[in-house]
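See below for the structure under consideration.
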Amino acid sequence: MLVLALIPGPGVLAVISRSLTLGLRQGLIAAAGIVAGDYLFILLALLGLSTLAEAMGSLFVIIKYAGAAFLIWLGVNLILTSGKGKAIKNEEKVPESSGGGIFSSFLLGLLTTLGNPKAILFYASFFPAFLDLTSVTSTDIFAIFTIATLSVGSVMAGYAYFSIKAKLSFGNSNKAPALKCGSGALLISSGIFVAARG
């Protein structure tokens, strides 16, 4: 799980973009949404619902496209607002109209995971191969959720932290609009990637 979390994908791009434009807190909230999506996939696998997930293929397709549209919308919104105002400091409150709400960040992470083909493939195919799902105890379930939290959560938190460190190296210069444009482009690219993957 740690290796898969380290591989850059839509979730990593979403966390980095959220951190760069809205601060560490919003990046961490997006990371929490990603972990929540992993929890949902773990529950589906543990409850033996991978066949149900296959049968509900159209629902997962809808979630995938909704997540992709949300990523693209956030990216476009960032690019359109990049010229307005000054650089956003980490602790500064971000207006809701700029897509900076707590719910928005959490939903970004959740939908990114639910629409991520890498996560779907891992939890529907590989995860049951590593674990005998018929003999899982409550202690095992607790251990699985702990491993998911520590591996995926810590990697995403690390990406959020290091993106803030990179932002601070820019200082409070006039590069903030370019940073917002770049982050918006990352979100749009991530949305297109999620939508285009089969």
Side-chain angles (χ1 to χ4, degrees), residues 1-47 49-50 53 60 63-64 66-68 70-71 74-75 88 90-91 94 99-131 133 136-168 183 186-187 189-191 193-194 197:
M1 288 182 82
L2 184 65
V3 171
L4 283 174
L6 283 168
I7 298 170
V12 170
L13 293 177
V15 168
I16 289 173
S17 176
R18 211 65 172 165
S19 300
L20 286 175
T21 55
L22 301 177
L24 180 61
R25 180 173 176 234
Q26 294 294 326
L28 292 175
I29 291 168
I34 289 170
V35 172
D38 283 343
Y39 287 170
L40 183 60
F41 282 134
I42 289 169
L43 283 175
L44 284 173
L46 290 175
L47 296 173
L49 297 178
S50 57
F60 283 111
I63 291 171
K64 176 177 116 170
F70 188 63
L71 287 169
L74 285 173
I88 297 173
N90 288 343
E91 304 303 320
V94 178
I102 291 171
F103 179 74
S104 177
S105 291
F106 185 83
L107 188 63
L108 170 69
L110 180 65
L111 289 177
T112 300
T113 297
L114 294 180
N116 186 350
K118 181 175 71 171
I120 294 168
L121 179 67
F122 177 76
Y123 289 112
S125 301
F126 298 132
F127 188 68
F130 295 128
L131 202 60
L133 299 177
V136 174
T137 65
S138 57
T139 305
D140 295 333
I141 293 171
F142 178 75
I144 291 166
F145 278 97
T146 302
I147 290 168
T149 303
L150 293 176
S151 58
V152 177
S154 64
V155 167
M156 293 301 160
Y159 275 116
Y161 174 77
F162 287 115
S163 62
I164 289 299
K165 285 294 189 185
K167 179 181 177 180
L168 292 176
S183 295
L186 276 175
L187 281 173
S189 300
S190 186
F193 176 78
V194 167
R197 291 293 298 259

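Just the heavy atoms: all of them, side chains too, but no hydrogens, waters or symmetry mates, feed the values below.
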Mind checking what makes side chain to side chain contact (heavy atoms under 4.5 Å, CB included) contact with Leu13, not counting sequence neighbours? Leu186, Ser190

Looking at Leu108, Leu110, Leu114, which one forms a side chain to side chain contact (heavy atoms under 4.5 Å, CB included) with Thr112? Leu108

Tightest non-hydrogen contact, residues Ala157 and Ala31, listed as N-CB, 4.4 Å

For Val12, enumerate each residue passing the side chain to side chain contact (heavy atoms under 4.5 Å, CB included) test, keeping only those at least two apart in sequence or located in another chain. Ile16, Met156, Tyr159

Atom of Ala160, atom of Gly27 and distance for their closest heavy-atom approach: CB-C, 4.2 Å

Would you name the heavy atoms of Ser105 and Ile29 that are closest together and state the gap between them? CB-CG2, 3.7 Å

Just to verify, what does Leu150 make a side chain to side chain contact (heavy atoms under 4.5 Å, CB included) with, not counting sequence neighbours? Thr146

By side chain to side chain contact (heavy atoms under 4.5 Å, CB included), Thr137 pairs with (sequence neighbours left out) Thr139, Asp140

Nearest heavy-atom approach of Arg18 to Gln26 is CG-O, 3.7 Å

Please tabulate, one pair per line, all N/O donor-acceptor pairs under 3.5 Å involving side-chain atoms of residues 32-40, not counting sequence neighbours.
{"from": "Tyr39", "atom 1": "OH", "to": "Thr149", "atom 2": "OG1", "distance (Å)": "2.3"}

